Novice: 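Below is the structure I would like to discuss, written out as structure tokens.
Every number for a ligand or one of its atoms is a count from 1 in the order of the listing. In what follows, residues are counted from 1 in the order of the sequence shown. For clarity, every value in this text was computed on a predicted model and none was experimentally measured.
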Amino acid sequence: MAIEVSHLVKRYGEKTALNDVSFRIETGEIVGFLGPNGAGKSTTMNIIAGLRRPTSGSVQINGINMEEAPLEAKRQMSYLPEIPPLYLDMTVEEQLLFACELRGMTGKKGELLSYLEELCRRTDVAHVKNRLIRNLSKGYRQRIAVTQMLVGEPKILILDEPTVGLDPRQIREFRDLIGELAREHTIILSSHILPEISSVCRRVLVFERGRLIADGETATLQEKLTGRKSLQLTVAGEPERVELALRSIPGILSFTRVPTGEADAVSYQVDTSLEGDVRRELFGVLSRNQLPLLLLKPVEFSLERLYLQLTDEWAEESGQAPGEEASEV
Ligand code: ATP
């Protein structure tokens, strides 16, 4: 177990920023923390990284208790806060040598430099090692910050909103870099941007007003939530006949007519039970009724839909508007 978080509570005066948050992350997992601003993602990361103490609850990193052995626990990981900790007036090499010092790495300067050279090759920044950080683009600065995280070979990487302020190309390059690192590291990254999480993380933890409101693989989360899967369907024909055909198939739980771009055709979102696959039967029924099938495809799972659904459901249960700041909980 790489990270085990038990019953974390964090209060700032009257305000409860985290309310009984527990989860476990296995070695090698890449986990996304998702949630709107103020949901508690940074607070959780800060506590895991040992930078803030929880009001109550505990954190174990590779089995080491953060409260009992903070230095040993912190040695296992690297944390990248939202604003990368870089000295703009240092060159890349100076910054990384400084990181070696902070990590307590001893050795001759020459040895450290060749170690750093290898590290820079892994993150593709070797060609800028003599540049001042001030003169580098935001994308490169972020890569330097990640290179710095790797100094000392920690196996757990925690990144808080790592792509904020990057342009689309830089975001893609950054995702590729994370994908590379994921082969050898356990990674947590946070974002309030949904596609970012779904493109790199198999598992997602959804935070809302200091609580963990969902934890699981994106696909199973949806199934757990809705208990159904959906198909998108376009058929040439009159709606009455198509709907009669749809009603005759037991595996179809419900359907909703949606706008279609095709003349003389109708489109539906069809919800089916999780068990079985109605597509063959649907095709047969439509063709027997001489209703030509123009399109039939599973509705892609949308993390955005899940997220809105989760936060809405939670708001309904708690009587608060979604996104409203947690006050006294
Ligand atoms: P963001 O993306 O905005 O950083 P987040 O999900 O990371 O959001 P946190 O920064 O963890 O959220 O904040 C959780 C809650 O705790 C927020 O309501 C925030 O206002 C509050 N909070 C955070 N730090 C402090 C502090 N030092 N003093 C008082 N309240 C704080």
Side-chain angles (χ1 to χ4, degrees), residues 3 5-23 25 30-59 61 66 74 77-86 138 141-142 145-146 149 156-166 171 174-175 178 187-201 203-216 218 221 303-304 306-315 318-329:
I3 298 171
V5 161
S6 307
H7 303 292
L8 278 191
V9 174
K10 179 69 182 176
R11 290 200 189 90
Y12 294 107
E14 293 287 283
K15 186 173 188 84
T16 304
L18 281 186
N19 194 348
D20 197 21
V21 168
S22 300
F23 56 87
I25 295 176
I30 315 183
V31 177
F33 282 10
L34 182 67
N37 292 334
K41 308 177 299 291
S42 302
T43 303
T44 308
M45 287 185 154
N46 272 289
I47 293 173
I48 294 175
L51 299 175
R52 280 185 209 176
R53 289 179 72 184
T55 307
S56 61
S58 68
V59 172
I61 309 292
M66 181 60 78
K74 287 180 196 177
M77 75 185 126
S78 252
Y79 168 63
L80 179 59
E82 207 172 322
I83 298 166
L86 298 171
K138 189 135 200 309
R141 285 186 201 177
Q142 198 65 318
V146 173
M149 290 181 88
I156 300 174
L157 307 179
I158 302 174
L159 301 93
D160 196 355
E161 308 249 1
T163 58
V164 165
L166 301 188
I171 290 178
F174 193 78
R175 271 186 209 154
I178 296 295
I187 299 179
I188 306 181
L189 61 89
S190 73
S191 178
H192 56 277
I193 306 165
L194 309 163
E196 193 163 287
I197 295 276
S198 55
S199 65
V200 267
C201 307
R203 178 177 167 205
V204 61
L205 267 56
V206 186
F207 288 80
E208 170 78 357
R209 283 164 291 200
R211 282 179 195 268
L212 190 58
I213 58 167
D215 171 2
T218 48
L221 267 186
L303 199 52
E304 183 148 1
L306 165 69
Y307 176 71
L308 291 174
Q309 187 169 347
L310 280 171
T311 48
D312 281 351
E313 274 178 16
W314 194 86
S318 67
Q320 281 176 293
E324 199 175 89
E325 282 257 314
S327 46
E328 265 308 283
V329 189

Novice: I need the contact type for R52 against ligand 1. Using non-hydrogen atoms and a strict under-4.0 Å cut-off, is it side chain, backbone, both or neither?
Specialist: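 Contact part for R52 vs ligand 1: side chain (C-beta onward).
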
Novice: If the cut-off is 4.0 Å to any non-hydrogen atom of E161, which atoms of ligand 1 fall inside it?
Specialist: 2 (O)

Novice: Report the residues that fulfil side chain to side chain contact (heavy atoms under 4.5 Å, CB included) with I3, sequence neighbours left out, ordered by chain and then residue number.
Specialist: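 Side chain to side chain contact (heavy atoms under 4.5 Å, CB included) check on I3 returns V5, I25, I48, I61, I156, I188.
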
Novice: Provide the number and element of each atom of ligand 1 under 4.0 Å from a heavy atom of K41.
Specialist: 2 (O), 5 (P), 6 (O), 7 (O), 8 (O), 11 (O), 12 (O)

Novice: Heavy-atom distances under 4.0 Å are what count here, so tell me which part of S190 touches ligand 1: side chain, backbone, both or neither.
Specialist: neither

Novice: P81: which residues meet the side chain to side chain contact (heavy atoms under 4.5 Å, CB included) condition with it, sequence neighbours left out?
Specialist: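 In terms of side chain to side chain contact (heavy atoms under 4.5 Å, CB included), with neighbours along the sequence ignored, P81 is linked to Y79, P85.
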
Novice: Just by modelled atom types, is the P36 backbone N or O under 3.5 Å from a matching donor or acceptor in the K41 side chain?
Specialist: yes

Novice: Please confirm whether G40 comes within less than 3.5 Å of ligand 1 when only nitrogen or oxygen atoms on both sides are compared.
Specialist: yes

Novice: Does CG in L51 sit with more than 12 non-hydrogen atoms of other residues, nucleotides or ligands closer than 6.0 Å?
Specialist: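 Atom CG in L51 is packed in, count exceeds 12.
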
Novice: Which option out of I47, N37, T43, T16 puts a heavy atom nearest to atom 13 (O) of ligand 1?
Specialist: T43

Novice: Could you measure the distance from the CZ atom of F174 to the CG atom of L159? Nearest 0.5 Å is fine.
Specialist: 5.5 Å

Novice: Which ligand 1 atoms, with their elements, are less than 4.0 angstrom from a heavy-atom of K15?
Specialist: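 This gives 17 (C), 18 (O), 20 (O), 21 (C) as the contact atoms.
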
Novice: Where does the angle between the aromatic ring planes of F23 and F33 fall among parallel (under 30°), tilted (30 to 60°) and perpendicular (over 60°)?
Specialist: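 The arrangement is perpendicular - the two ring planes meet at more than 60°.
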
Novice: Short list, please: which atoms of ligand 1 are under 4.0 Å from a heavy atom of P36?
Specialist: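 Matching atoms, with element in brackets: 6 (O).
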
